[in-house]
Amino acid sequence: MSRDHAQSAETPFLELLARGASADAYEQPVLLARAEGGPADRIDALERAKHLALRVRSELEGRRRREAELSALFETAHDLAGLRDLDAVLRAIVQRARSLLGTDVTYLSLNDPERGDTYMRVTEGSVAARFQQLRLGMGEGLGGLVAQTARPYVTDDYFKDARFQHTGTIDAGVRDEGLVAILGVPLMLGHHVIGVLFAADRRARVFEREQIALLGSFAALASAAIDTANLLAETRSALAGLERANEIIRDRSGVIERASDVHDRLAELVLRGGGVHDVAAAVSQVLDGTVEFTEAAAAPEYALEASRADGHVVRHKDDWIAAVAAGDELFGALVLRGHPGLDPVDQLTLERAAMVTSLLLLARRSAAEAEQRVRGELLDDLLDARDRDPRLLDDRARRLHADLSAAHVVLVARLDATGADADQEADARRRLWAAASHLAATRHGLAAARDGGTVLLLPLEDGDEATDLARRTARHLGRAVHEAVTVGASAPVRDLAARPDAVAAAHTEAGRCLDALRLLGRCGDGAAAEDFGFLGLLLAGDQNVPGFVERTIGQVVAYDERRGTELVRTLDAYFACGMSPARTKEALHVHVNTVAQRLERVGRLLGEDWQSPERALEIQLALKLQRLSAPTRH
């Protein structure tokens, strides 16, 4: 056969290589030549050229694959070099391993020396809650075999493999996830196994030697990341110790100078009419720490009584307590935070500051009592929804440093225990009223006595919720009066001057929430209507079922409507099948990968915690309500 003849046979295959054609396309030149009745020597030449071209194509594909693997390893090593967040690096390793190996799931487990078992640290592609929360005893499952032998192990059918110890817990988790083929490689630090990196498929699969080696490389990088993070933590701890030693040296060198400075500052504060928090701020600067004035109910009882009895500061853990008292009356305490060591001169400084604070509190008591009456009158007007000029209400509020345009919460507080006689009960109510009035004044809110209890109108800070405010208020008032106080809260309300009826409605809602707490036996606690889940609809008085469904699963319903998908139907089947993807795919008659993909989408729409017990219960209730509220089809 001539050279020109051979070259002409190679030409079509070179063109196929150039455009990256599939392997099936390489049969076409040979089939075409046979169909045209070409000579035998040309057909033989085409066959040889085809085999040669396929070998070249395979070599090129192998090189591209190795290039991608090396690139991923390089990127992971780069992440490790700039390690800031260990979890982020481990997630990147697991994600890249899943992408390159083309598996359904990858995950990484770490050993827990304290509990003597191993736990899931990072998962990618997993959708089964039980699988993600697995804890395995040492020597159990395929991972236990890898940890024992410090060698990679692979199985193409997990449930039929008898080389490792099967347990009910592990098998149930693997069955929920629908896994079949699993590859595990050890994470090593020196000669010790610290965990296992896994790649798994939901179908039978044979892992090639190159894939096992690639996963081993990722495991080595994960081990290096963990080792680096441990070294960084030890270094930071050592640096923090050195910094603390330097601070102590500086404190001791300036202790006498601080004592003189605090004397001058406190004298100046008294002369210019400073307040309690001004005193705390001045002492904070002198002692180079954080000094706070704390109500008596919020201070450690033993340390506070000891300081009150002998007139000196008392150490409590890493804090120092100085009682603020006048005669038999205890106002609270000055607390120096986070100073386990305090020089005698600095202790005397804190004691003098507590004495100045008590004098300032006595001087302002009469003014505070007058302000409390004014605050109560303003709240009474708002609660009675009287026809008042909004500008007049705003002006009265501004004089009390309250902003009626901001978001507020109405809270109803009531004592749960009554006294043995009428005098004791009246005294307890007076203490509750005094504590609530003081809280309202310090929080720029309002307070009034009503129906044997106390009503507060407190502003809601950014990022805060009505529930948290109710619980803090219950704890605060309970400590102040030394009895259990139950607090019910309304939803936030705004523009109170223009909408006094909103305050009255919020007061009614808060009262219902208080009654619900007491009926449920949660005396001494605080809550808002939203705390009771669907029961909150009843407390709110409007039975807003559509609103509850929208808040809980609205994003999933909207996604189905826009895309024509079946996420809601999949969720229904998933919960009905005990949250098992493997059983769900049988109920829906789809592949388990389809179930996994749909549940991954649900997780992105509802948040990562959608399978937690509390969220799962609300989601199932919302699904039920949606079905019941949907129009019947005939």
Side-chain angles (χ1 to χ4, degrees), residues 69 72-73 75-115 117-138 140-144 146-147 152-154 158 169-170 173-174 176-179 181-189 192-202 207 211-212 214-230 232-233 581 596-597 599-600 603-604 607-612:
E69 293 170 356
L73 291 172
E75 290 173 359
T76 305
H78 182 269
D79 291 344
L80 179 57
L83 179 66
R84 292 294 182 272
D85 183 351
L86 175 61
D87 285 337
V89 174
L90 294 181
R91 280 195 299 272
I93 289 172
V94 171
Q95 290 167 357
R96 287 166 185 161
R98 181 191 181 195
S99 176
L100 286 175
L101 270 67
T103 56
D104 297 323
V105 182
T106 50
Y107 50 102
L108 184 149
S109 67
L110 290 181
N111 296 349
D112 187 342
E114 293 184 2
R115 295 181 56 170
D117 62 3
T118 184
Y119 63 96
M120 293 290 192
R121 177 65 180 269
V122 183
T123 64
E124 176 69 17
S126 170
V127 295
R130 179 157 50 179
F131 181 77
Q132 296 167 10
Q133 298 164 8
L134 274 181
R135 296 191 73 98
L136 293 71
M138 292 300 181
E140 296 177 353
L142 185 143
V146 174
Y153 270 86
V154 62
Y158 173 84
T169 301
I170 302 173
V174 173
D176 273 4
E177 194 63 57
L179 300 182
I182 304 176
L183 164 63
V185 297
L187 302 177
M188 306 288 296
L189 278 184
H192 300 287
V193 178
I194 63 170
V196 180
L197 178 60
F198 299 88
D201 257 351
R202 297 187 177 96
F207 287 95
Q211 294 173 325
I212 298 174
L214 175 60
L215 193 63
S217 299
F218 277 114
L221 289 174
S223 299
I226 295 168
D227 192 30
T228 301
N230 291 339
L232 285 173
Q597 291 164 4
L599 294 179
E600 280 188 45
R604 286 195 288 272
E608 295 181 356
D609 65 334
W610 72 275
Q611 296 191 76
S612 65

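Computed from a predicted model, the values in this text were never measured in an experiment. Numbers here simply count residues along the sequence, with the first being 1.
Taking all atoms of both residues into account, the shortest heavy-atom contact from Ile212 to Pro152 is CG2-CB, 4.1 Å. Leu189 and Ser223 make their closest contact through CD2-O, 3.6 Å (heavy atoms, listed as atom of the first residue, atom of the second, distance). Between Gly137 and Asp117, the closest heavy-atom pair is CA-CB, 4.1 Å. Nearest heavy atoms, Leu90 versus Ala222: CD2-CB, 4.0 Å.
If you check the side chains of Gln132 and Ser126, you find a donor sitting under 3.5 Å from an acceptor.
Under 4.0 Å is where a charged nitrogen must lie from a carboxylate oxygen, and between Arg98 and Asp104 no such pair does.
Counting heavy atoms from C-beta on, the side chains of Tyr153 and Ile182 never come closer than 4.5 Å. Under the 4.5 Å side-chain criterion, counting only non-hydrogen atoms from C-beta, Val146 is not in contact with Val193. Put simply, the side chain of Val196 does not reach to within 4.5 Å of the side chain of Pro186, judged on heavy atoms. With contacts defined as side-chain heavy-atom distances shorter than 4.5 Å, the pair Leu136/Leu134 qualifies. In this structure, the side chains of Glu124 and Val105 stay at 4.5 Å or more apart for every pair of heavy atoms. The closest side-chain heavy-atom distance from Glu600 to Val127 is below 4.5 Å. Side-chain contact between Leu187 and Leu108: present, with at least one pair of heavy atoms (C-beta onward) separated by less than 4.5 Å. A 4.5 Å side-chain heavy-atom check between Val154 and Leu142 finds every atom pair outside the cut-off.
To the nearest 0.5 Å, the span separating CZ on Arg96 from CG on Leu221 amounts to 9.5 Å. The CG atom of Asp201 sits 16.0 Å away from the OH atom of Tyr158 when rounded to the nearest 0.5 Å. A distance of 7.5 Å separates CD1 in Ile194 from CG in Asp227, rounded to the nearest 0.5 Å. Distance check, rounded to the nearest 0.5 Å: CG of Leu197 to OG1 of Thr106 gives 7.0 Å.
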Going through the checks in order, is the side chain to side chain contact (heavy atoms under 4.5 Å, CB included) test met by Tyr119 and Arg121?
CA-CA 6 Å; Tyr119 63 96; Arg121 177 65 180 269; 4.1 Å; yes
Set out, in order, the CA-CA distance, both residues' side-chain angles and the distance that settles side chain to side chain contact (heavy atoms under 4.5 Å, CB included) for Thr118 and Asp112, then state yes or no.
CA-CA 5 Å; Thr118 184; Asp112 187 342; over 6 Å; no
Chi angles and distances behind the side chain to side chain contact (heavy atoms under 4.5 Å, CB included) call for Glu177, Arg130
CA-CA 8 Å; Glu177 194 63 57; Arg130 179 157 50 179; over 6 Å; no
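Classification of the Phe198-Tyr107 ring pair by plane angle, with boundaries at 30° and 60°, yields parallel.
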